[in-house]
Amino acid sequence: MGGLIASVSKSKLSFLTALVFILSNCSIICLAHVNKEGSSTWGVIASTSKFWYNYRHQANALSVYHTMRRLGVPDSRIVLMLAGESACDAHNDAPGYVFNDHKRAMNLYHQNIEVDYSGSEANVHNFLRVLTGRHAPGTPRSKRLLSDASSNVLIYMSGHGGDEFLKFQDSEEVSTGDLQDALHTMRSQGRVNKVTLLVDTCQAATLPDRISEPNLLAISSSAKGENSFAIKLDGGLGVMLMDRFTYFMLEYMEKMTGDESFADLSRYLNSKDIQSTVVWKQTDRRRRSKIKLMDAFGAASKIEMGTLPSFQLNWTAIAEASRSAALQPNNQNSCFKQDTERDLASLPFAQIRHNMAIDQEASSVQMLVGFALATIGFVAGCRFGLFSFSLQSA
């Protein structure tokens, strides 16, 4: 019990240390959860790909999640969907961790993140339910988008796509028509004011192509017929860590002072860095220079800026200061499951897999031995029966 209390106290102290550092050095101070227009900001962030080689799609989504949180949007206003489970994949040499940089400075999958839909739950059906509010009875509030007619909703999607569709789970698709219907339902129900749609996939511009709902600003990573490209290879993991569009978009947002507009972001996102054509679609009648980034990504009414390092260095500094807290593997979304006879969570992941393999092998041997003994008994019984029958006949 004393060890548990000491562990909890140490965890709290680590969290407070990280919090003090972030508030004093991270250069972002969020003073309210309402933006300049008096409307609330909500987010629906979806990584739609499973399989290990799609690691970057999960890192993309988690990076956008961290940006929104850093800019003042509480977790209760973000619905996070991760189709892949890279943190717990057997290929991951750092179980419980997800990184967006090869230096592995910060764990994106730390203990303060709540994944609302993970694995098979992150599917087209649930994605559309989140947008339209048509949930099954008993669905918890944390899995719902509880926006209203004054809300600005940011929808971010990362995965594999094609002409007018985006794949979920490599087995189903959401189409441009599905999005149009969902956004129309949201508006008719009074669940949204303005929508910012960000799509990072191949042929991304075709996904919002048929959407005609008002007050929409859509930014796509690639034009029709174009691929979306990755960046940041981790040689140890053997995968790319992010996609270029998301990486450079968030890099710019690390440098913002709070008054930047989408016109400023548009000038920053160039084809040379992203290696594809960034396509904008807008039914919002305001000029991009009048649409503030904070209205879509943040909920702080004021941001005080100090000397803000670059996207990568800033996260490195935060990670160094909060290593004992933010770099801990995610306990809530743990890769480990409790065993009735022993605490598997206390063992290294590799040891758990090794033990499971031994247990499975032992079970197989026991089955084979049992089968062999049964066969021997059966054969012996048959021979004894035949011998007895022969004696009686004689």
Side-chain angles (χ1 to χ4, degrees), residues 42-50 54 57 60-61 64 79-84 116-117 120-136 139 143-149 151-228 243 245-246 262 276-285 296:
W42 292 78
V44 178
I45 301 173
S47 166
T48 66
S49 303
K50 60 180 181 178
N54 294 317
H57 297 155
N60 288 343
V64 173
V79 178
L80 180 60
M81 309 182 76
L82 300 179
D116 302 298
Y117 295 86
S120 60
E121 279 191 324
N123 54 50
V124 172
H125 184 73
N126 284 332
F127 176 73
L128 295 177
R129 278 185 177 273
V130 168
L131 295 182
T132 59
R134 295 171 176 170
H135 295 280
T139 301
K143 290 178 175 284
R144 298 172 182 259
L145 182 70
L146 302 175
S147 54
D148 56 38
S151 299
N152 294 338
V153 178
L154 181 141
I155 304 172
Y156 174 86
M157 308 173 73
S158 177
H160 289 292
D163 192 357
E164 297 190 353
F165 71 87
L166 177 68
K167 285 185 178 181
F168 272 75
Q169 299 283 348
D170 203 44
S171 60
E172 54 182 354
E173 302 167 355
V174 63
S175 68
T176 180
D178 295 330
L179 281 178
Q180 162 60 27
D181 292 343
L183 294 180
H184 178 75
T185 299
M186 289 179 70
R187 191 162 298 280
S188 64
Q189 293 176 341
R191 291 168 48 79
V192 67
N193 177 25
K194 295 179 174 63
V195 175
T196 303
L197 176 63
L198 306 173
V199 185
D200 196 344
T201 184
C202 296
Q203 304 194 66
T206 63
L207 195 61
D209 192 47
R210 296 188 185 181
I211 299 178
S212 57
E213 291 301 302
N215 293 337
L216 169 75
L217 177 62
I219 315 174
S220 306
S221 64
S222 56
K224 183 174 182 178
E226 288 185 345
N227 293 326
S228 185
D243 282 306
F245 169 74
T246 300
F262 277 93
S276 58
T277 307
V278 177
V279 180
W280 296 67
K281 175 172 181 174
Q282 188 173 341
T283 61
D284 191 323
R285 295 185 177 181

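No hydrogens, no waters, no symmetry mates; every other heavy atom, side chains included, goes into these values.
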Nearest-0.5 Å distance that lies between atom [atom1] in [X] and atom [atom2] in [Y]:
X	Y	atom1	atom2	answer
S120	Q169	OG	CD	6.5 Å
D181	L131	CG	CG	11.5 Å
T196	Y156	OG1	OH	14.0 Å
L183	L216	CG	CG	7.0 Å
S158	I45	OG	CD1	11.0 Å
S220	E226	OG	CD	11.0 Å

Just by distance, do the side chain of D116 and the backbone of L80 share a donor-acceptor pair under 3.5 Å?
-> yes
Least distance between heavy atoms, [X] atom then [Y] atom:
X	Y	answer
P208	A204	CD-O, 3.2 Å
N193	R187	O-NH2, 3.0 Å
S276	N227	CB-O, 3.4 Å
L128	A182	CD2-CB, 4.1 Å
I211	K281	O-NZ, 2.7 Å
G225	Q203	N-OE1, 3.1 Å

Should S175 and E164 be marked as a side chain to side chain contact (heavy atoms under 4.5 Å, CB included) after you check the CA-CA gap, both sets of side-chain angles, and the distance that decides it?
-> CA-CA 6 Å; S175 68; E164 297 190 353; 5.8 Å; no
Do other residues, nucleotides or ligands put more than 12 heavy atoms under 6.0 Å from H135 NE2?
-> yes
Give a yes or no on whether R210 atom CZ has more than 12 heavy-atom contacts from other residues, nucleotides or ligands under 6.0 Å away.
->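 For R210, atom CZ is not crowded (no more than 12 foreign heavy atoms under 6.0 Å).
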Quick one: does [X]'s side chain get under 4.5 Å of [Y]'s, heavy atoms only?
X	Y	answer
L179	I155	no
F245	I219	yes
Q180	S212	yes
R134	T185	yes
M81	N126	yes
R129	T139	no
N123	Y117	no
M157	F127	yes

Would you check if there is a donor-acceptor pair between the side chains of [Y] and [X] at a distance under 3.5 Å?
X	Y	result
N54	H160	yes
T246	D200	yes
T176	D209	no

Determine, step by step, whether L145 and R191 satisfy the side chain to side chain contact (heavy atoms under 4.5 Å, CB included) criterion, reporting the C-alpha distance in whole Å, the side-chain angles of both residues, the deciding distance to 0.1 Å, and the verdict.
-> CA-CA 9 Å; L145 182 70; R191 291 168 48 79; 3.8 Å; yes
Could you walk me through whether W42 and L146 pass the side chain to side chain contact (heavy atoms under 4.5 Å, CB included) test, one step at a time?
-> CA-CA 9 Å; W42 292 78; L146 302 175; 3.6 Å; yes
Would K224 and D163 pass as an ion pair if we require N to O under 4.0 Å?
-> yes
Assess whether side chain to side chain contact (heavy atoms under 4.5 Å, CB included) is satisfied between S228 and T201, documenting all intermediate values.
-> CA-CA 5 Å; S228 185; T201 184; 5.6 Å; no
